[in-house]
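This report refers to the structure that appears directly beneath it.
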There are 2 protein chains.
Amino acid sequence: MNNEEKYESLKLCNQVCFPLYACSKEIIRKYKPFLDEIDLTYTQYITMMVLWEKKSVNVKTLGESLYLDSGTLTPVLKKLESKGYINRERSNEDERNLVVTITKEGENLRDKAISIPAKMGTCVKLSLEEVQCLYNLLYKIIGNVR
Amino acid sequence: MNNEEKYESLKLCNQVCFPLYACSKEIIRKYKPFLDEIDLTYTQYITMMVLWEKKSVNVKTLGESLYLDSGTLTPVLKKLESKGYINRERSNEDERNLVVTITKEGENLRDKAISIPAKMGTCVKLSLEEVQCLYNLLYKIIGNVR
DNA sequence: TATAATTAAATAGTATTCAATTATTTTGTC
DNA sequence: GACAAAATAATTGAATACTATTTAATTATA
């Protein structure tokens, strides 16, 4: 086996994770100007998405929804609290749990965010079938990896 | 239109970027134990991939290959230099350019890394066709987004 | 009931990202 | 050809994110 062949598997062009990593970051970069308008980072945005749907959730459950642990979420939630979009308080039943609840202001933000998904859709420029295929493959990997 | 419909596009389950983001991070998390063995972060690893192939490259070009800007690369490269895997020096022709060159130690690291792609392949558990499909979609998005 | 094990979140340290700055080279104009 | 303006490349600093460790609360077991 020559040298070229031996190291083939370590070439950047033969990686699948790399375009995943790159693609994820490029898209989040595309989100930035839209998210700047409502003063949220991408992580804050997906956190708000969960809260817009559920209204109230503890950090553990939130982390399971977002695949993020408390080490990442704690500062994100403190930031969202300081912006007035959420409240954080310990559960009475189990003091270990911190319950996060959306505020009126947090609810209001939803209407400002509502145009973002459509704007992003025009950046990605995939057909509906392609998006569906990608979506399924990604969740399949997530299921396999965990 | 009822409330449910109105906000449909903001639901986490209707996002394509989110599973991309989550998947990317989950896979990188899977890399971690393997990369720990050779004391590299994922970013350092893909940087070394380029250098294993090209031996020498300037920061600009490296950034284009990795979709990373110099603000991200500068600390990564300083770290790799401190580990003895690369040398950094300004180009003579154009002092603005910093040329990064792999060292003997950097070359040696390649043999320690060689088993990683196969180990990762078993985590992802996709068929060859699925991997190919994913790969093409991801690069298509990257092409569209930039 | 006391102790060990488990669970949940916070903290601390490191890595990564983005915006602004510095240094160098190139371009355009007189 | 000399000079200012524009463009280019990398660094710095501040903010954000990630991982491992710690702290606090609860549950299970001896």
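Values reported hereafter were calculated over all heavy atoms of this structure, with side chains retained and with hydrogens, waters and symmetry mates removed. Sequence lines set the chain letters: A, B, ... in the order given, protein chains first and strands last, and positions in each chain run from 1.
Phosphate contact (OP1/OP2 of D:dT12, side-chain N/O of B:Lys78, threshold under 4.0 Å): present. Proximity of A:Lys25 to the phosphate of C:dT17: a side-chain N or O atom is located under 4.0 Å from OP1 or OP2. An OP1 or OP2 oxygen of D:dT11 is reached within less than 4.0 angstrom by a side-chain nitrogen or oxygen of B:Arg88. Here A:Thr72 reaches the OP1 or OP2 of D:dC18: one of its side-chain N or O atoms lies under 4.0 Å away. Applying the 4.0 Å criterion to OP1 and OP2 of C:dC18, one finds that A:Arg29 has a side-chain N or O inside that range. Contact annotation: B:Asn58 does not reach the phosphate of D:dA9 (side-chain N/O to OP1 or OP2, under 4.0 Å). For the OP1/OP2 pair of C:dA15 and a distance below 4.0 Å, the side-chain nitrogens and oxygens of B:Lys79 include at least one atom meeting the criterion. Under 4.0 angstrom from either OP1 or OP2 of C:dA9 there lies no side-chain N or O belonging to A:Lys60. At D:dA25, none of the side-chain N or O atoms of A:Asn97 fall inside 4.0 Å of OP1 or OP2 (strictly under the cut-off). OP1 or OP2 of C:dA19 has at least one side-chain nitrogen or oxygen of A:Lys32 nearer than 4.0 Å.
Looking at A:Glu95 and A:Arg90, no side-chain N of the basic residue comes within less than 4.0 Å of a carboxylate O on the acidic one, giving no salt bridge. With respect to the salt-bridge test (charged N to carboxylate O, under 4.0 angstrom), the residues A:Lys112 and A:Glu37 do not qualify.
Atom OH of B:Tyr45 and atom C1' of C:dA15 are 19 Å apart (whole Å). For the pair A:Leu98 CG and D:dT26 P, the computed distance is 14 Å after rounding to whole Å. The interatomic distance linking B:Glu89 (CD) with D:dA9 (C1') rounds to 16 Å, in whole Å.
No side-chain donor from either of B:Tyr85 and B:Asn108 sits under 3.5 Å from a side-chain acceptor of the other. Side chains of B:Lys78 and B:Thr74: a donor-acceptor N/O pair is absent below 3.5 angstrom, by distance only.
Comparing B:Asp36 and A:Tyr42 by the nucleotide of DNA chain D that holds the closest heavy atom to each, the one mapping nearer the 5' end is A:Tyr42. Along DNA chain D, the nucleotide nearest to A:Asp94 and the one nearest to A:Pro75 differ in position, and the one closer to the 5' end is contacted by A:Pro75. Toward the 5′ end of DNA chain C lies the nearest nucleotide of A:Thr74, the other residue of the pair A:Ile28 and A:Thr74 mapping further downstream. Nearer to the 5' terminus of DNA chain C, by closest-nucleotide assignment, is the contact made by A:Val99 (compared with the other of A:Val99 and A:Tyr21).
For B:Arg96, taking side-chain heavy atoms from C-beta onward, the closest of the listed nucleotides C:dC18, C:dT25, D:dA25 is C:dT25. Comparing C:dA10, D:dT8, D:dT19 by their nearest atom to the side chain of A:Arg90 picks out C:dA10.
With hydrogens and angles ignored, no donor-acceptor pair under 3.5 angstrom links the side chain of A:Ser70 to the base of C:dA8.
In this structure, A:Leu73 reaches neither bases nor backbone, as no heavy-atom distance under 4.0 Å exists between it and the strands shown.
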Go through A:Lys60 and A:Asp94 one step at a time and tell me if the salt bridge (Lys or Arg N to Asp or Glu O under 4.0 Å) criterion holds. CA-CA 13 Å; A:Lys60 178 83 188 324; A:Asp94 185 338; over 6 Å; no
